[in-house]
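Only one structure is covered here, and it is reproduced in the block below.
Counting convention: from 1, in listed order, for ligands and their atoms alike. These numbers were taken from a predicted model, which means no experiment stands behind them.
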Amino acid sequence: MAEMAIATEDLVALLRWYIDQGVDEAIDEEQVDRFAVPPPAPAAPAAAAARASSTRPAAPTPPRSPVPSPVTRAPVPIESPQLVEDARALAESCNTLAELEAAVRAFEGCALKRTAKNTVFADGTPGAPVMIVGEAPGGDEDRLGKPFVGVSGQLMDRMMAAIGLTRDGGFYITNILFWRPPGNRTPTVAEQAMCLAFTRRHIELARPKVLILAGGTSVKAVLDTTEGITRMRGKWVSYRLGDGTELPTMPTFHPAYLLRTPASKRLSWLDLLAVDKKLKELTA
Ligand code: URA
């Protein structure tokens, strides 16, 4: 039987459909069973770590078959409020950024970790005057294990460089989520709450002079508000640290939004000029 040629535009349409469905990664040489039970977590710095991994139901090792059927898969962890409490207790028990990073990397309570390639903790300079908190790692960040390394990160770097700040000494950067949600889906409330527990401690331990929240999701989560980014951006708000210190915080548009809506870059530039002015006042 003669083979039927597939038109290029049909192949392109198929690829686009895959991307729309979140299938945007080439598969590896070896099949990865992302539902398999992960190796036991290394010892965490607090007792809470032990609870975080032990509260998940013990999962039987799934049989190795080329195409695991849904009934043979090990259960994905059930989200329980206890895991959020564990994340909080664990984060609180960390007294340095290095401890916090180790705790996040060892934490097995968040289902997002199961499908991510890497834990994306932070980049830039710990202790820098500015800390930026974005939303979630994307495909590039997941692959490289660093936040904001894709096109929107490159825009962020250029914008920060325009006020004289680089990752090398000028700013420290992270996200409210440490793992890429599969297909960039919206994280569940519990997934967000678990990561946010660590992020709040992250801000306390990094102790920047100024905090920048990039994007509406980050603003809503960190400031615990329902107000939209368009109303929030450009206005200083105060973020209270655990010890009562008030941290000047600037909500601003996410760089991915700016790539889609270049006319808004003018407003983000004003936000960054305000950050520059505040830093000068604080260090005068
Ligand atoms: N968008 C984010 O919010 N964070 C990243 O790390 C990358 C893209």
Side-chain angles (χ1 to χ4, degrees), residues 19-20 22 24-25 97 100-101 104-105 107 110 112-113 115-126 128 130-161 165-168 170-189 191-200 202-203 206 208 210-225 228-230 232-233 239 249-262 264-265 267-268 271-272 275:
I19 290 168
D20 289 346
D24 56 1
E25 294 277 327
L97 287 172
L100 187 76
E101 178 167 0
V104 169
R105 290 187 185 283
F107 187 68
C110 185
L112 294 176
K113 190 177 187 185
T115 46
K117 280 195 168 71
N118 274 303
T119 297
V120 178
F121 184 71
D123 196 29
T125 306
V130 173
M131 179 170 185
I132 301 173
V133 179
E135 298 182 346
D140 293 324
E141 290 75 18
D142 186 38
R143 225 175 351 263
L144 299 172
K146 284 186 181 178
F148 283 99
V149 289
V151 276
S152 54
Q154 288 156 19
L155 175 59
M156 176 72 92
D157 284 347
R158 288 198 299 278
M159 289 167 55
M160 294 302 286
L165 300 176
T166 65
R167 294 189 193 213
D168 188 9
F171 66 95
Y172 183 58
I173 189 162
T174 186
N175 285 303
I176 51 170
L177 297 179
F178 298 100
W179 299 280
R180 182 196 187 195
N184 297 334
R185 72 158 166 77
T186 306
T188 65
V189 171
E191 287 163 352
Q192 275 214 40
M194 279 177 233
C195 289
L196 197 57
F198 289 110
T199 301
R200 292 199 186 286
H202 204 170
I203 298 169
V210 167
L211 179 65
I212 295 178
L213 300 176
T217 307
S218 166
V219 170
K220 283 185 177 145
V222 175
L223 299 179
D224 197 15
T225 177
I229 183 66
T230 309
M232 296 288 286
R233 67 135 288 278
Y239 176 74
T249 299
M250 174 59 73
T252 194
F253 288 134
H254 193 281
Y257 170 77
L258 297 178
L259 288 169
R260 293 193 301 272
T261 322
S264 299
K265 283 185 187 166
L267 296 174
S268 293
D271 301 349
L272 289 186
V275 167

Using side-chain heavy atoms (C-beta onward) and a distance below 4.5 Å, is [X] in contact with [Y]?
X	Y	value
P251	I229	yes
H202	V133	no
V120	P147	yes

Next on the checklist: Between ligand 1 and E135, is the shortest N or O to N or O distance under 3.5 Å?
Outcome noted: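 It does: an N or O of E135 is found under 3.5 Å from an N or O of ligand 1.
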
Checklist entry - Looking only at N/O atoms, are G138 and ligand 1 under 3.5 Å apart anywhere? => result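 For ligand 1, there is no N or O atom that lies under 3.5 Å from one belonging to G138.
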
Checklist entry - Is there a heavy atom in S152 that sits closer than 4.0 Å to ligand 1? => result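 Heavy atoms of S152 do come under 4.0 Å of ligand 1.
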
Item to check | Option among F198, F121, F178 that satisfies the ring-ring contact (aromatic ring centres under 6.0 Å, His included) test with F107 | outcome: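 In the set F198, F121, F178, the residue that makes a ring-ring contact (aromatic ring centres under 6.0 Å, His included) with F107 is F198.
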
Can you report which non-hydrogen protein atom sits closest to [atom], along with the distance?
atom	value
atom 4 (N) of ligand 1	N175 OD1, 2.7 Å
atom 1 (N) of ligand 1	H254 NE2, 3.2 Å
atom 5 (C) of ligand 1	A136 O, 3.4 Å

Checklist entry - Can you list the ligand 1 atoms lying under 4.0 Å from a non-hydrogen atom of P147? => result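 So the atoms of ligand 1 that pass are 6 (O).
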
Item to check | Steps toward side-chain contact (heavy atoms from CB on, under 4.5 Å) verdict (L272, I212) | outcome: CA-CA 9 Å; L272 289 186; I212 295 178; 4.1 Å; yes

Next on the checklist: Between I203 and V222, does the side-chain contact (heavy atoms from CB on, under 4.5 Å) criterion hold? Intermediate values first, please.
Outcome noted: CA-CA 10 Å; I203 298 169; V222 175; 4.2 Å; yes

